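A short write-up of the structure that comes next.
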Amino acid sequence: MKNFIELFRLIRILSTGDAYSGKQLEEYLEISLSVLNQHIQTLRHWGLEIKFQTIKGYYLLSPIELLDEKKILRDLPEGRIKVLALVDSTNQYLLDNIETLRSGDACVAEHQTAGRGRRGREWVSPFGQNLYLSMFWRLERGTASAVGLSLVIGILITEVLHNLGGLDIRVKWPNDLYYRDKKLAGVLVELLGKKFKPAQVIIGMGLNINNTLSNKGIEQNWSHLKEAGITIDRNKLTVLLLLKLRSQLIVFEKTGLSTFISKWNELDNYLNRPVKLILGNQQIQGISRGIDQYGGLLLETKGGIKTYQIGDISLRGR
Ligand code: ATP
Ligand code: BTN
């Protein structure tokens, strides 16, 4: 059985980036050398890059500012955020607790052991490095009113990041944020309910903050906020994103996608650029011409402009 108290104390000690000898860590934690070694292995498995040098000892390659519920609550008067150290998936955590949730309730985690993207793909989620945030919302008018929601969430996150100085960050249909043609963040919207009866939705987002991902599990070029010109404490970012989402989803519920379409076109990474759509084994090449009123992609080919609805389709540049 893992001793989580010891593991989190060890993370806290190392989080500053200072180096400690094995002996010091054994003494601070009152554990043996073999237990220390096991703990270091576990933390590495969670994605923490712990280095060891004979003279310096153990240290984290890059220091981390840990998530802190108190810090978040200071700037989020409404509260309703749960900070988790370890979870399978923040989306799954909210799904598991869905009966107790109100619109705007959220959770954020240091590490996801089973972070997921669309169609069950893995979202790589190393400890303490990036942002893994999910929020619950109740759609009074049913799943039919969720049309275009993942696009709107992409726009809202991008607006927050533009305000922080990341002006080259753009949206990619249907659920990603890109920086210079590289994936910076992904949005996963999971819907429960009936078309015209009150429905429930879990909105999850994964945002890379630092250059600390290994390429394992990532089959495409990726980026991070630092590269996009933003240095920000994850606690502050959590607050800014939740304030934005909580206020703008009220607007989305009233107006649907229509208020956001022009914004999408302003922010669209591939607007009027050559792209390919991947549908299983099939590929269709064309020029991306933005989105229609339902959030479908408009693709121009020799045959004219055709709409592709969000589903089992991936869009890529070419
Ligand atoms: P689509 O265009 O269909 O959304 P996608 O390849 O981006 O295609 P998603 O399901 O949206 O697929 O996202 C999951 C994919 O994102 C994974 O298959 C992996 O390639 C990539 N990925 C996983 N973790 C990260 C991460 N932390 N940062 C960037 N990309 C990641
Ligand atoms: C994608 O690009 O397909 C979406 C990735 C979404 C990842 C986030 S991380 C927080 C939340 N919890 C999950 O398991 N997934 C989303």
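Hydrogens, waters and symmetry mates are skipped; everything else that's a heavy atom, side chains included, is used. All values derive from a computational prediction rather than experimental measurement. Whatever order the structure lists them in is the order used to number ligands and atoms, beginning at 1.
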Going by atom type alone, with no hydrogens or angles, which donor-acceptor pairs under 3.5 Å involve a side-chain atom of residues 249-264 and a protein atom two or more places apart or on another chain?
from   : atom 1 : to     : atom 2 : distance (Å)
Glu253 : OE1    : Trp137 : NE1    : 3.2
Glu253 : OE2    : Glu140 : N      : 3.2
Thr255 : OG1    : Val251 : O      : 3.2
Thr255 : OG1    : Thr259 : OG1    : 2.3
Ser258 : OG     : Thr255 : O      : 3.0
Lys263 : NZ     : Glu266 : OE1    : 3.1
Trp264 : NE1    : Asp268 : OD2    : 3.4

Please determine, by modelled atom types, if [X] and [Y] share a side-chain donor-acceptor pair under 3.5 angstrom.
X      : Y      : value
Arg289 : Asn272 : yes
Gln112 : Thr90  : yes
Gln92  : Asp96  : yes
Asn210 : Asn130 : no

Would you mind running through ligand 1 and noting each atom that sits below 4.0 Å from a heavy atom of [X]?
X      : value
Gly117 : 10 (O)
Asn208 : 26 (C), 27 (N), 28 (N), 29 (C)
Ile313 : 3 (O)
Trp222 : 29 (C)
Asn175 : 4 (O), 11 (O)

Against heavy atoms of [X], which atoms of ligand 2 measure under 4.0 Å?
X      : answer
Gly117 : 1 (C), 3 (O), 4 (C), 5 (C)
Leu133 : 10 (C)
Ser134 : 11 (C)

Ion pair check, Glu26 and Lys23, cut-off under 4.0 Å: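 Salt bridge present between Glu26 and Lys23.
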Between Asp181 and Arg170, is the closest basic N to carboxylate O distance under 4.0 Å?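 Not counted as a salt bridge, because no side-chain N and carboxylate O are separated by less than 4.0 Å.
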Show your reasoning for whether side-chain hydrogen bond (donor to acceptor under 3.5 Å, both in side chains) applies to Gln129 and Arg234. CA-CA 9 Å; Gln129 297 298 346; Arg234 291 176 302 149; over 6 Å; no
Any N or O of [X] closer than 3.5 Å to N or O of ligand 1:
X      : answer
Val124 : yes
Ser314 : yes
Lys172 : yes

[atom]: which protein heavy atom is closest, and how many Å away?
atom                    : result
atom 2 (O) of ligand 2  : Lys183 NZ, 2.8 Å
atom 19 (C) of ligand 1 : Gly217 O, 3.5 Å
atom 15 (N) of ligand 2 : Arg116 O, 2.8 Å
atom 31 (C) of ligand 1 : Trp123 CZ3, 3.5 Å
atom 5 (C) of ligand 2  : Trp123 CE3, 3.4 Å
atom 3 (O) of ligand 2  : Arg118 N, 3.0 Å
atom 10 (C) of ligand 2 : Thr90 OG1, 3.1 Å
atom 1 (C) of ligand 2  : Asn175 ND2, 3.4 Å

Quick one: does Gln112 get an N or O within less than 3.5 Å of an N or O on ligand 2?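 Checking ligand 2 against Gln112, an N or O pair does fall under 3.5 Å apart.
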Return yes if some donor-acceptor pair links the side-chain N/O of [X] with the main-chain N/O of [Y] below 3.5 Å, else return no.
X      : Y      : result
Arg118 : Gly311 : yes
Asp75  : Ile72  : no
Asn97  : Tyr93  : yes

Is Lys244 atom NZ crowded by more than 12 heavy atoms from other residues, nucleotides or ligands, each under 6.0 Å away?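 Buried by this count: over 12 neighbours within 6.0 Å.
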Arg44 CZ: over 12 foreign heavy atoms closer than 6.0 Å: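 Atom CZ in Arg44 is crowded, with more than 12 foreign heavy atoms closer than 6.0 Å.
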Taking [atom] as the point of reference, which of [options] owns the nearest heavy atom?
atom                    : options                        : result
atom 15 (C) of ligand 1 : Lys182, Gln129, Glu219, Gln220 : Gln220
atom 14 (C) of ligand 1 : Arg121, Gln112, Arg119, Arg116 : Arg121
atom 8 (C) of ligand 2  : Cys107, Ser314, Gly206         : Gly206
atom 13 (O) of ligand 1 : Arg118, Lys183, Arg316         : Lys183
atom 4 (C) of ligand 2  : Val187, Ile202, Val189         : Val187

Geometric cation-pi criterion, Lys56 with Tyr59: 6.0 Å, 45°: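 Yes, Lys56 sits over the ring of Tyr59.
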Hey, is Asn130 one of the residues with a heavy atom under 4.0 angstrom from ligand 1?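 Contact absent.
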Not counting sequence neighbours, list each pair that qualifies as a side-chain hydrogen bond (donor to acceptor under 3.5 Å, both in side chains) and has a residue in residues 302-317.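 Qualifying pairs: Arg119-Ser314.
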